[in-house]
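Take a look at the structure set out below.
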Amino acid sequence: METFLSFFLEFAYLCLFIWELLQVKKYGIRNDANFLVLVIFGLVYDNLIIAFGRFIGEGNTLEALSKIRYLFHALFTPMLIIFAWSVFRKTGLLSIQQTFWKLLAYILTIGFIVYELLTSIIGMKLEPKWEDGVLTYENVAQPGFPFMVVVVTLILGVVGVLLMKKSRFPWLLIGTIVILLGGIIANWIKNFLIMNVSELLFIVSLVMAKHFQLRVH
């Protein structure tokens, strides 16, 4: 069941990635919200390695492929701050100082990328881990508290609240709540696939928010 779910998640992310590429072609590439495509690409790779982990087996190959998983996470996930800025800008709630807020979004993104590279990638130590029939390599040297992920999620949550109040669009806020609850439940019952499913629903909410703003504005 767990292996099937892993392949389902991979298929879902692949479909979202292809869909987003088509939308970039339709609406143009010069849009800060298009950083979401890189985030989804990272998740396509992430879930591909998770799905095939047990078939690749323990060893240098899976370990090397897993290092790229963590690298993509460090590089791409902070880009959701720029995505949040893009969605927030199109709410029309900012009439002045847009340059300042855009610059702040880019500085925070670059700062968190550097932070992740220093704390998670440099000195990375991977060990094989079997969980629910799925084989992955876990970074045991990674800090226990996911500081970057928490900050990014909170920023998106705030934008979700503003988007709901301004445009009566609740899905970004709902997606943020889902991933927060998913993380709590997954940590409570020790099942990482619950977190992965909630993460998929969260990404779907981001895609919905992006295209809602493209249609409205």
Side-chain angles (χ1 to χ4, degrees), residues 1-14 16-17 35-83 108-154 156 178-203 206:
M1 179 63 183
E2 288 78 8
T3 301
F4 169 79
L5 183 57
S6 297
F7 277 102
F8 169 78
L9 291 172
E10 168 60 21
F11 177 75
Y13 279 119
L14 186 59
L16 285 174
F17 179 65
F35 279 104
L36 181 61
V37 177
L38 291 175
V39 177
I40 296 174
F41 171 75
L43 290 167
V44 168
Y45 180 85
D46 186 80
N47 284 273
L48 180 68
I49 302 305
I50 292 174
F52 281 97
R54 65 180 301 173
F55 302 105
I56 298 172
E58 294 184 24
N60 293 333
T61 299
L62 184 57
E63 183 176 356
L65 293 172
S66 298
K67 287 180 180 178
I68 300 175
R69 281 181 57 212
Y70 287 98
L71 179 61
F72 282 171
H73 174 75
L75 293 176
F76 298 152
T77 304
M79 293 179 183
L80 288 177
I81 296 176
I82 299 176
F83 169 83
L108 285 174
T109 298
I110 294 170
F112 274 121
I113 289 174
V114 173
Y115 170 80
E116 285 294 305
L117 292 176
L118 292 176
T119 60
S120 299
I121 304 303
I122 297 177
M124 180 191 302
K125 183 179 180 182
L126 299 182
E127 291 185 357
K129 180 180 180 180
W130 284 94
E131 187 172 356
D132 299 319
V134 176
L135 173 62
T136 58
Y137 268 78
E138 183 179 41
N139 185 7
V140 296
Q142 190 170 3
F145 182 74
F147 178 64
M148 180 271 292
V149 173
V150 170
V151 173
V152 171
T153 304
L154 290 177
L156 286 164
V178 166
I179 197 170
L180 288 172
L181 292 176
I184 294 171
I185 295 172
N187 186 64
W188 180 37
I189 66 174
K190 305 300 180 183
N191 188 316
F192 81 99
L193 287 175
I194 292 177
M195 183 61 191
N196 286 16
V197 171
S198 64
E199 186 175 48
L200 173 62
L201 297 175
F202 174 62
I203 294 297
L206 299 185

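Within the 4.5 Å cutoff, side-chain heavy atoms of Leu156 are placed close to those of Phe202. By the 4.5 Å heavy-atom criterion applied to side chains, His73 and Arg69 are not counted as neighbours. The shortest side-chain heavy-atom distance between Leu14 and Leu48 does not fall under the 4.5 Å cut-off. Under the 4.5 Å side-chain criterion, counting only non-hydrogen atoms from C-beta, Phe35 is not in contact with Leu80. Residues Ser6 and Val134 meet the side-chain proximity criterion, which asks for heavy atoms closer than 4.5 Å. Counting heavy atoms from C-beta on, the side chains of Leu200 and Asn196 never come closer than 4.5 Å. With contacts defined as side-chain heavy-atom distances shorter than 4.5 Å, the pair Ile203/Leu206 qualifies. Residues Leu180 and Thr153 have side chains in contact (heavy-atom distance under 4.5 Å, counting atoms from C-beta outward).
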How far apart are the C-alpha atoms of Thr119 and Met148, what are their side-chain angles, what is the distance that settles it, and do they pass the side chain to side chain contact (heavy atoms under 4.5 Å, CB included) test? CA-CA 11 Å; Thr119 60; Met148 180 271 292; over 6 Å; no

What verdict does the side chain to side chain contact (heavy atoms under 4.5 Å, CB included) test give for Trp130 and Arg54, after you've listed the backbone C-alpha separation in whole Å, the side-chain angles of each residue and the deciding distance to 0.1 Å? CA-CA 9 Å; Trp130 284 94; Arg54 65 180 301 173; 3.8 Å; yes

Give the C-alpha distance, both sets of side-chain angles, the deciding distance and a yes or no for side chain to side chain contact (heavy atoms under 4.5 Å, CB included) between Tyr13 and Glu199. CA-CA 11 Å; Tyr13 279 119; Glu199 186 175 48; 3.7 Å; yes

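Remark: Leu65 CG to Asn60 CG distance equals 11.0 Å, nearest 0.5 Å. In this structure, CZ on Phe76 lies 10.0 Å from CG on Leu43, to the nearest 0.5 angstrom. Here CG of Leu135 is found 11.0 Å from CD1 of Ile49. Values are rounded to the nearest 0.5 Å. Separating the CD1 atom in Ile50 from the OG atom in Ser66 is a distance of 8.5 Å, to the nearest 0.5 Å. Here the CD atom belonging to Glu58 is positioned 13.5 Å from the NZ atom belonging to Lys129, to the nearest 0.5 angstrom. If you take CD on Glu127 and OG1 on Thr136, they are separated by 11.5 Å, rounding to the nearest 0.5 Å.
When all heavy atoms of Tyr137 and Gly59 are compared, the closest pair comes out as OH-N, 3.0 Å. Heavy-atom minimum distance, Gly182 versus Ser198: CA-OG, 3.7 Å. Nearest heavy-atom pair across Ala74 and Leu117 is CB-CD2, 4.3 Å.
Residues Phe52 and Phe7 place their aromatic rings such that the two centres sit under 6.0 Å apart.
When Asp46, Leu126, Leu75 are each tested for a side chain to side chain contact (heavy atoms under 4.5 Å, CB included) with Tyr70, only one passes: Leu126.
In this pair, Phe72 and Tyr45 present their aromatic rings perpendicular. The plane angle is above 60°, beyond the 30 to 60° band.
Partners of Phe147 according to the ring-ring contact (aromatic ring centres under 6.0 Å, His included) rule, which considers only residues two or more places apart in sequence or in another chain, are Phe112, Tyr115.
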